[in-house]
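Just follow the structure's listing: the first ligand is 1, and inside any ligand the first atom is 1.
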Amino acid sequence: MRVSILGCGHVGLVTGACLAEIGHEIMCTDNDVTKMNILERGGLPIYEPGLSTVVDRNLRAQRLSFTSDLGETVRFADVIFICVGTPPLRNGDADLTAMDAAAKLIVTEARTSKLVIEKSTVPAQTGQRLKQALATYARHSISQFSFRVASNPEFLREGTAVFDFLHPERIVIGVEDEAAETQLRKIYLPILEQRFPCPLHDSICPQTPAPVLVVTDISSSELIKHACNTFLALKISYANLIADICEKKGANVDQVIEAMGLDPRIGSGFLRPGLGFGGFCLPKDIQAFTRMAERAGVDVALLHAIEGINRHRVESFMQKLHQALWVVKHKHVAVLGLSFKPDTDDIRFAPALELIRQILDAGGEVRAYDPQAMEKAKVELPTVKFCESAYEAAQEAEALIVATEWEEFRRLDWALIRETMSRPLILDGRNFLQADAMRALGFEYYGVGRPLEEPAREAIS
Ligand code: UGA
């Protein structure tokens, strides 16, 4: 099938590339000129594992194309995915300006009737507003074409987005007519049957079970996405609450969480305590969800608590740094990891950046290293020294913070790092390193919700 993609952010790019990979003909566009310049030259504006392979081979196979011509993209196909950004407004609401602009663009440029599919994360009932907007713009421009709407939220995680798209557990479609359901089923057929040579494994992926197709009305489909992200955030905040209690009571959060996760009703996913959740999805989605529910007259105390716990993670971690260093001013602190999570260069709402800002505010000097996110972080943090390696960042440091759990940090020569630091102090914001192993190497080690060594307990209490 021919499919058009409006918006070349994380979602649009992965959707476009993966739909091409399963055999469709895809044209993608974005109104961000810088982004389109990169894409039209064969580059990628984001780092996402596996994406460049998929993009390259589909560009070569001429199943995928990028153009800055918005009108051409609208006319390319009768099925259009809207993958534009829905960033948070100051009051927490989702900013739907780009959705509205996409509706206007589609009506203005269409020369045939279209099925318009919202993939962007939006509050429930946005589909209804989108339908009204399309109808209003069509009336004003005396368009003779019809514009139907469907919802198809994405559940991609940055860092594993290509895998998630090709091997989902479920595909949710919100439709209000049979034709839309048929078109969406046809688009996803190779994925629903898991019948395609998987680019990640270079062979058919026989182990992956077929996903469940969930067909709902449009508002339910929209709500499913917000409800899922909010529940994930709830699990993380709950784990962080448990970590705080463990710390006060001398218990070990690793053991508590492991035992909790063995109960299938709870599950072990998204219970890792630490600096809290960041990124462009969980923080903004929970805000938009809360605002929407609040306006609908629903008691949202629980949702406020999820956010409240998360907001205090960095602050309470800073207290640990203050307690360990006593005075932070003029001290050199090494920060490993800047992206909001590993395997991405995305620094939006990254706890690491907020932490660095607070260290700088306290007069500390930060030397940072991240495998992928330094180019983006340099723009945000001009006074930080960005290093070529974790070793360079750690040299002469009086404290080292693990802010993002990149796998390469596990394999560092920690004995060497210990020798080059001016004080061998580790604050592990992700409980990523083995506490015992670090202490055996001679580090003073503090994690989150992990028991302290005797002397450290005395120092901190
Ligand atoms: C999230 C959801 O997981 C996806 O299902 C969804 O499609 C996506 O948002 C979206 O709405 O587009 P993502 O933002 O890529 O995906 O990141 P997550 O893997 O959810 O991690 C979010 C944050 O939570 C990160 O800062 C991570 O470090 C933190 N986290 C995650 C924890 O602190 N503890 C955990 O146990 C898990």
Nearest protein heavy atom with distance in Å, relative to [atom]:
| atom | answer |
| --- | --- |
| atom 30 (N) of ligand 1 | Ile236 CD1, 3.4 Å |
| atom 2 (C) of ligand 1 | Asn229 OD1, 3.6 Å |
| atom 1 (C) of ligand 1 | Leu282 CD1, 3.6 Å |
| atom 10 (C) of ligand 1 | Cys281 SG, 3.1 Å |
| atom 5 (O) of ligand 1 | Phe155 O, 3.4 Å |
| atom 8 (C) of ligand 1 | Leu156 O, 3.2 Å |
| atom 36 (O) of ligand 1 | Arg272 N, 2.8 Å |
| atom 17 (O) of ligand 1 | Lys341 NZ, 3.2 Å |

For the pair Glu405 and Lys341, find out whether any cationic side-chain nitrogen is under 4.0 Å from an anionic carboxylate oxygen.
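A salt bridge is absent here (no side-chain N lies under 4.0 Å from a carboxylate O).
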Under 4.0 Å between a side-chain nitrogen and a carboxylate oxygen: does that hold for Glu25 and Arg2?
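Salt bridge between Glu25 and Arg2, a charged N being under 4.0 Å from a carboxylate O: yes.
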Which one holds for [X] and ligand 1: side chain close, backbone close, both close, or neither close, with close meaning a heavy atom under 4.0 Å?
| X | value |
| --- | --- |
| Lys235 | neither |
| Leu232 | side chain |
| Glu154 | both |
| Asp285 | side chain |

Is it true that [Y] and [X] share a donor-acceptor pair across their side chains at a distance under 3.5 Å?
| X | Y | value |
| --- | --- | --- |
| Tyr47 | Glu375 | no |
| Thr160 | Asp164 | yes |
| Gln319 | Gln323 | no |
| His304 | Glu294 | yes |
| Glu40 | Ser68 | yes |
| Asp95 | Thr97 | yes |

Over 60° means perpendicular and under 30° means parallel, so tell me whether His167 and Phe196 are parallel, tilted or perpendicular.
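The arrangement is parallel - the two ring planes meet at less than 30°.
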For Leu425, enumerate each residue passing the side-chain contact (heavy atoms from CB on, under 4.5 Å) test, keeping only those at least two apart in sequence or located in another chain.
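Here the qualifying residues are Ala324, Leu325, Ala399, Arg423, Leu427, Glu444, Tyr446.
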Would you check whether Lys225 has a nitrogen or oxygen atom less than 3.5 angstrom from a nitrogen or oxygen atom of ligand 1?
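N/O-N/O distance below 3.5 Å exists for this pair.
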Is there a polar contact between ligand 1 and Phe340, counting only N or O atoms under 3.5 Å apart?
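Yes, Phe340 has an N/O under 3.5 Å of an N/O on ligand 1.
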List ligand 1 atoms under 4.0 Å from Leu271, heavy atoms only on the residue side.
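Counting atoms of ligand 1 from 1, those under 4.0 Å from Leu271 are 36 (O).
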Suppose I only count heavy atoms of Glu158 and a 4.0 Å limit; which atoms of ligand 1 are within that range?
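Atoms satisfying the 4.0 Å criterion: 15 (O).
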His10 near ligand 1, heavy-atom distance under 4.0 Å?
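Judged by the 4.0 Å heavy-atom criterion, His10 does not count as contacting ligand 1.
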Decide whether the shortest distance between a heavy atom of Gly278 and an atom of ligand 1 is less than 4.0 Å.
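Contact present.
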For a salt bridge (charged side-chain N to carboxylate O under 4.0 Å, His left out) with Asp244, tell me which candidate from Arg313, Lys320, Arg450 qualifies.
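Exactly one pass, corresponding to Arg313.
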